[in-house]
Chemist: 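Attaching a single structure in structure tokens format; questions to follow.
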There are 2 protein chains.
Amino acid sequence: MPDRKPDPAPTGPLHEQVFRRLSADLMAGRFAAGQKLPLRALAAEMGTSLMPVRDALQRLESLGALVGTAGRTMMVPRLSPEQRADLLRLRLMLETGVIGAAAERRSEADLADLSEENTGMRAAAERGDTAAFLAANLRFHRGLAAAARIHFLEALLDPLWMRLGPVVRDQTPDRANMLRTAEYHDAILRGLLRRDGAAARAALEADVLDGAPALTGALLPGASPAPQD
Amino acid sequence: MPDRKPDPAPTGPLHEQVFRRLSADLMAGRFAAGQKLPLRALAAEMGTSLMPVRDALQRLESLGALVGTAGRTMMVPRLSPEQRADLLRLRLMLETGVIGAAAERRSEADLADLSEENTGMRAAAERGDTAAFLAANLRFHRGLAAAARIHFLEALLDPLWMRLGPVVRDQTPDRANMLRTAEYHDAILRGLLRRDGAAARAALEADVLDGAPALTGALLPGASPAPQD
DNA sequence: TTATCGAAACTGTTATAACAAATCCCCCGG
DNA sequence: CCGGGGGATTTGTTATAACAGTTTCGATAA
């Protein structure tokens with residue numbers, strides 16, 4: 001496997017390095033809901049002073065990825081079933097809303113990257129590696145959004161993923177689920193290849209809604225949030 | 001006019017007070033695109049040290065409402081026509097995506113508030129007060145989103161408004177535009193009243209798209225971003 | 001007059017330290 | 001054995017000061 005990203009190369013101010021690291025941890029589900037993140041502990045762990053981690057935590061709070069407790073200590077939020085359902089609904093809305101643009105604008109490189117990502121995901125699924133599966137799934141969907149080439153889209157979706165991470169964490173999809181996800185992704189890719197936005201959208205919707213019950217506790221009333229009443 | 005919000009009551013940490021103030025200034029279009037916001041100037045203006053304003057500016061940056069210049073000074077971003085179009089597209093997508101929920105869940109109080117807001121907006125339009133018009137328009141649309149009762153929705157829309165503020169600022173709608181907006185809003189309200197999501201959505205789309213050319217420079221290809229191809 | 005070099009003023013960044021508030025835990029009384 | 005009270009500890013917040021980078025402006029030379 002070629003080195004696509006050798007290493008993000010810890011560049012820029014410390015608070016941004018901390019921010020990137022914590023963001024990635026959040027999205028990857030390395031933090032549990034309800035977990036508290038004390039300033040001094042993190043600072044010590046990273047070998048910096050309080051200020052950079054304080055900056056990073058505050059930014060994450062304003063993104064909604066963390067919440068402040070009564071004592072102002074940052075905590076990764078516990079989401080109610082309704083909140084989890086709304087989270088998924090918004091993600092579905094955004095992703096289905098832009099996949100038409102992705103179908104039009106996707107480059108060959110986009111297709112190749114997404115395809116490779118999905119074969120990796122399927123491999124993880126077959127080997128039962130849920131952690132790798134979830135990480136690959138995240139990358140696939142973020143790549144999908146990137147292919148749409150819409151400014152500010154990542155800025156909307158990433159915070160949703162950060163909130164989703166802890167939710168996905170304590171949920172173990174079985175092999176059948178994971179393989180089904182890979183199938184959906186294949187269907188999405190076929191749609192993108194043929195520049196058939198509608199087909200890709202249908203597959204995407206099926207993909208998101210398939211995993212929804214497990215995440216929300218079988219909530220999510222209407223399938224599509226608002227295509228036409 | 002009854003005192004709905006006597007005063008947000010400067011509560012909480014300083015950095016949050018600063019954040020709220022700057023956010024409001026951004027959304028209201030009190031800052032111009034390209035304007036730089038030096039730490040020490042703002043700190044002196046508000047009578048605090050650097051740290052609280054630094055925190056606030058950093059949070060705004062991570063929301064995308066500000067961008068850091070080469071010298072790390074924060075600046076309100078200059079948006080390209082494409083960026084402005086995408087901004088509007090995303091706003092339209094989100095607002096139309098949730099207005100169905102608003103039509104279902106809106107309370108009587110929601111209707112009353114929105115209606116009052118719109119009469120105020122129309123009054124501002126007739127008297128040619130564009131600042132008041134824009135402020136009322138903002139409150140109307142934010143109220144619309146609030147009526148949908150979808151968690152995290154404000155967290156997605158507010159950053160868009162913050163980026164839109166400076167764009168709207170240096171654009172002076174004529175009286176006809178403003179009055180037309182009030183008409184669209186009336187149509188939206190009629191839709192909400194009858195719990196007719198489709199009608200409300202159509203009026204909302206017309207509302208947003210009507211103002212789009214002036215904001216983007218006549219961009220915005222397809223009307224609805226992705227209902228059905 | 002214009003271009004260039006250099007210094008001074010300004011920028012955000014980070015660490016340290018003092019502070020206030022909330023929390024935790026142990027001890028005492030029931 | 002259980003419930004409260006109170007002090008010690010831990011929490012985030014903010015200011016100050018030292019730092020490094022950039023920008024800017026003036027003087028000098030072509």
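FYI, side chains are in, hydrogens and waters are out, and symmetry mates aren't considered; it's all heavy atoms of this structure. Here is how names work: the chains are called A, B, and so on, in the same order as the sequence lines, proteins then strands, and each is numbered from 1.
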Chemist: How close or far is atom P of D:dC19 from atom CG of A:Leu14, stated in whole angstroms?
Modeler: 17 Å
Chemist: In Å and rounded to the nearest 0.5 Å, what is the CG to CZ distance from B:Leu63 to B:Phe19?
Modeler: 5.0 Å
Chemist: Just verifying a value: how many Å separate A:Leu60 CG and A:Met74 CE, rounded to the nearest 0.5 Å?
Modeler: 8.5 Å
Chemist: Is B:Leu57 touching bases, backbone alone, or none of the nucleic acid, heavy atoms closer than 4.0 Å?
Modeler: nothing
Chemist: In whole Å, I'd like the distance from the CG atom of B:Leu39 to the P atom of D:dA15.
Modeler: 12 Å
Chemist: A:His141 vs A:Trp161 aromatic rings, parallel, tilted or perpendicular, using cut-offs 30° and 60°?
Modeler: tilted
Chemist: Using five pairs at each end of the helix from C:dT1-D:dA30 to C:dG30-D:dC1 to define an axis, what is the angle between those two axes, to 10°?
Modeler: 10°
Chemist: Kindly say if A:Gln58 contacts the phosphate of D:dG12, meaning a side-chain N or O under 4.0 Å from OP1 or OP2.
Modeler: no
Chemist: Scan side-chain atoms only and decide if A:Glu117 and A:His185 contain a donor-acceptor pair under the 3.5 Å cut-off.
Modeler: no
Chemist: Rounded to the nearest 0.5 Å, what's the gap from CD on B:Glu95 to CG on B:Leu156? Could you check?
Modeler: 12.0 Å
Chemist: Would you mind reading off the distance between A:Phe19 atom CZ and C:dT13 atom P, rounded to a whole angstrom?
Modeler: 14 Å
Chemist: For B:Arg149, is there an ion pair with B:Asp110 - N to carboxylate O distance below 4.0 angstrom?
Modeler: yes
Chemist: Would A:Arg106 and A:Glu104 pass as an ion pair if we require N to O under 4.0 Å?
Modeler: no
Chemist: Could you state the CE-C1' distance from B:Met74 to C:dT13, rounded to the nearest angstrom?
Modeler: 11 Å
Chemist: If you pin A:Ser49 and B:Ala41 to their nearest nucleotides in DNA chain C, which one's is more 5'?
Modeler: B:Ala41
Chemist: Rounded to whole angstroms, how far apart are CE on A:Met75 and P on D:dG12?
Modeler: 13 Å
Chemist: Could you state the CE-C1' distance from A:Met51 to C:dA17, rounded to the nearest angstrom?
Modeler: 12 Å
Chemist: Taking OP1 and OP2 of D:dG12, is either one under 4.0 Å from a side-chain nitrogen or oxygen of A:Arg54?
Modeler: no
Chemist: When you check the gap from the basic side-chain N to the acidic O, do A:Asp113 and A:Arg139 get nearer than 4.0 Å?
Modeler: no
Chemist: Specify the separation, in whole Å, of atom CD of B:Gln17 and atom C1' of D:dT13.
Modeler: 13 Å
Chemist: Can you give one letter per nucleotide of nucleotides 18-25 of chain C, 5' to 3': B if a protein heavy atom sits under 4.0 Å from the base, S if only from the sugar-phosphate, - if neither?
Modeler: ----SSS-
Chemist: Return yes if a side-chain donor-acceptor contact under 3.5 Å exists between B:Asp86 and A:His151, otherwise no.
Modeler: yes
